[in-house]
Asks: 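Structure in structure tokens, see below.
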2 protein chains.
Amino acid sequence: MKLQKETESPKGTAEGKHGRWYGDACGTAFALELVGERWSLLIVRELMMGGRRFSDLRRVLPGISAKVLTERLAGLEAAGVLKKRQIADPVPAQVYELTEWGYYAEVAIRELGRWAARSPLHDPSLPLTPVGLMLSMRTLIDPEKAKAFDAVIGFEVAGESFVAELKDGQLPIRRSSSLGDPSSAQVIFRAPAGPVVAAALYGKLPIAEVEAEMGLKVEGDRELAERYIGLFALPEKIV
Amino acid sequence: MKLQKETESPKGTAEGKHGRWYGDACGTAFALELVGERWSLLIVRELMMGGRRFSDLRRVLPGISAKVLTERLAGLEAAGVLKKRQIADPVPAQVYELTEWGYYAEVAIRELGRWAARSPLHDPSLPLTPVGLMLSMRTLIDPEKAKAFDAVIGFEVAGESFVAELKDGQLPIRRSSSLGDPSSAQVIFRAPAGPVVAAALYGKLPIAEVEAEMGLKVEGDRELAERYIGLFALPEKIV
DNA sequence: CAGAATCCCATTCGATACTG
DNA sequence: CAGTATCGAATGGGATTCTG
């Protein structure tokens, strides 16, 4: 990012002013120029389930400062990864939303996560944002097992709602404004935080135990919930 | 990386001393802690075709300083991505080699590259290292077309030699110490630099033209070379 | 409250010089 | 060849302030 700062790459000769960029035709190197700065890819991750406001991003990315978030959003917009958009819906506000191409980054984000989760040093007990949880499901679902299974699952995690529509081995997930009782979901997982759902999906703790000890609530078809959980497996560690 | 510096994550409470780490269970966030610093992932990329020495890395990563390379290698070793190994083969020396898990990062590296290459801002005319070229072939080959085609192709690019063994739609590539005439390759591409081969593979310029104007030499079965080139296509740009 | 702008300090980067 | 040592410049991040 920072594509149009003071001194852009002079006549395409491969490097910015201070050798700050890589000057490498390799797509990976270019990706790192676009999203390689601290926080950038996590911002993209948080936008993967739809546009978010500035303050939403600050909330789910604890530790990012307003200054850095501002800089990153500007850089990602200059890079064509996201666009700032005015909305008038609930109240006049602006949301940051991925461009079509920005959404294509999901595969790379997933594969980075799949790889890193296989490190023995990875600590899955840390906090997990609702969007992080949703993306982890899309990463870790077993596509073979999923083929034989259609379902509509609702999630309400830390106040954010999503609907996952399992079909043809695919698991598209969208944000849902209201996951009320007139929902089409056959089963709804409600949890105060991401790791609670993760404990059920990946930790393979019995649902009842996660309900009793971590505040999960599974509403609707509990047998379906069990089958759904059976679709996921953490990748094995490697050393 | 920097996993065991002065103040490691205190009792696993999610953040390092200065909030430098993300404290996020999301595998992607952890990946960024491991390889998210400037240059790290490009070092991993350059090791993807086998171990390299310190000076090899400095040469193919123009712009990286000895200091930063030293720091990154130490960090990546602490993270379990690579290992320093003593060799005595040609001369006593030490090489940095990916661990088994380190090699698994290739998918993520490829997907980052595939994504970024679809940006209209990507400039494919920049320099391309031999390893970058080899990885780009593994990224951009059409697996469907490749299924019906077995071949052994040699490459000698900027003094580095590789053999690619196309079989069952897979394209494993290994470094080759000598790509002499007693080689098993059915066709050999020789070029002074990566972009020359890229011009033939992805630019779809006629072989004869790339030979005449860019210094490519195609030895052996030229018809096979044409068929091989036909397996590759740049992904379309999106906006 | 949303978000941009400013100030300040710690860390990091990169170039150069130097060493076993 | 394989790194260390050093130093100025750039960046990162927190706190504060300003604007709507």
Side-chain angles (χ1 to χ4, degrees), chain A residues 1-3 5-8 14-23 32-33 35-43 51-78 82-97, chain B residues 1-2 5-7 15-23 32-33 35-43 51-77 82-97:
Chain A
M1 63 214 19
K2 182 173 301 176
L3 288 172
K5 264 297 180 60
E6 329 141 1
T7 54
E8 29 203 318
E15 56 176 308
K17 184 184 183 185
H18 296 293
R20 183 136 297 279
W21 301 127
Y22 297 117
L32 295 172
E33 296 182 4
V35 296
E37 286 175 304
R38 187 161 159 72
W39 293 111
S40 285
L41 209 53
L42 295 187
I43 293 169
R52 309 247 69 189
R53 288 175 307 171
F54 191 92
S55 49
D56 294 329
L57 293 170
R58 280 208 76 177
R59 186 166 33 74
V60 295
L61 298 175
I64 196 171
S65 68
K67 175 191 174 184
V68 171
L69 180 53
T70 302
E71 288 171 359
R72 293 298 178 275
L73 290 170
L76 291 169
E77 183 161 21
L82 57 80
K83 262 191 84 68
K84 186 188 215 164
R85 201 162 59 86
Q86 307 293 327
I87 59 165
D89 250 14
V91 294
Q94 46 217 316
V95 298
Y96 297 90
E97 206 163 34
Chain B
M1 67 223 9
K2 182 173 302 177
K5 264 298 180 60
E6 328 140 2
T7 54
E15 56 175 309
K17 183 182 182 184
H18 295 293
R20 182 137 296 279
W21 302 126
Y22 297 117
L32 295 172
E33 297 183 2
V35 297
E37 287 176 303
R38 187 160 159 72
W39 294 111
S40 285
L41 210 53
L42 296 187
I43 293 169
R52 308 247 72 188
R53 288 177 307 172
F54 190 93
S55 51
D56 295 328
L57 293 170
R58 280 210 75 176
R59 185 166 33 76
V60 295
L61 299 175
I64 196 171
S65 68
K67 174 191 173 182
V68 171
L69 181 54
T70 301
E71 288 171 0
R72 293 299 178 274
L73 290 171
L76 291 170
E77 183 161 20
L82 57 81
K83 260 190 84 65
K84 187 189 212 160
R85 202 161 59 86
Q86 307 292 325
I87 59 165
D89 250 15
V91 293
Q94 47 216 318
V95 298
Y96 297 89
E97 205 163 34

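Chain naming here is simple, since letters A, B, ... match the order of the sequence lines and numbering starts at 1 in each.
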Asks: Can you check the B/Leu69 CG to C/dT12 P distance for me, whole Å?
Replies: 17 Å
Asks: To the nearest Å, give me how far apart CD1 (A/Ile64) and C1' (D/dG12) are.
Replies: 11 Å
Asks: Report the distance from atom CZ of A/Arg72 to atom C1' of D/dG12, rounded to the nearest whole Å.
Replies: 8 Å
Asks: Under 4.0 Å between a side-chain N/O of B/Arg38 and OP1 or OP2 of C/dG14, yes or no?
Replies: yes
Asks: When the distance from CG of B/Leu57 to C1' of D/dC1 is rounded to whole Å, what number comes out?
Replies: 13 Å
Asks: In whole angstrom, give the distance that lies between atom CD1 of B/Ile43 and atom C1' of C/dC13.
Replies: 13 Å
Asks: Quick one: A/Gln86 CD to D/dG20 C1', roughly how many Å, whole number?
Replies: 13 Å
Asks: Return no unless some side-chain N or O of A/Trp39 is found under 4.0 Å from OP1 or OP2 of D/dG12.
Replies: no
Asks: Quick one: are B/Phe54 and B/Thr70 in side-chain contact, heavy atoms under 4.5 Å?
Replies: yes
Asks: Within the sub-3.5 Å range, which N or O atoms of nucleotides 3-5 of chain C have a protein N or O partner, and how far apart are they?
Replies:
unit_1	atom_1	unit_2	atom_2	d
C/dG3	OP1	A/Gln94	NE2	3.3
C/dG3	OP2	A/Phe54	N	2.9
C/dA4	OP1	A/Lys84	NZ	2.9
C/dA4	OP2	A/Thr70	OG1	3.4

Asks: Over how many whole Å does the gap from B/Glu71 atom CD to D/dA2 atom P extend?
Replies: 18 Å
Asks: Among B/Arg52, B/Arg85, B/Lys83, B/Lys84, find the one that has a side-chain contact (heavy atoms from CB on, under 4.5 Å) with B/Glu97.
Replies: B/Arg85
Asks: Under 4.0 Å from OP1 or OP2 of C/dA2: is there any side-chain N or O of A/Arg58 that close?
Replies: no
Asks: Using atom CZ of A/Arg59 as one end and atom P of C/dA2 as the other, report the distance to the nearest whole Å.
Replies: 9 Å
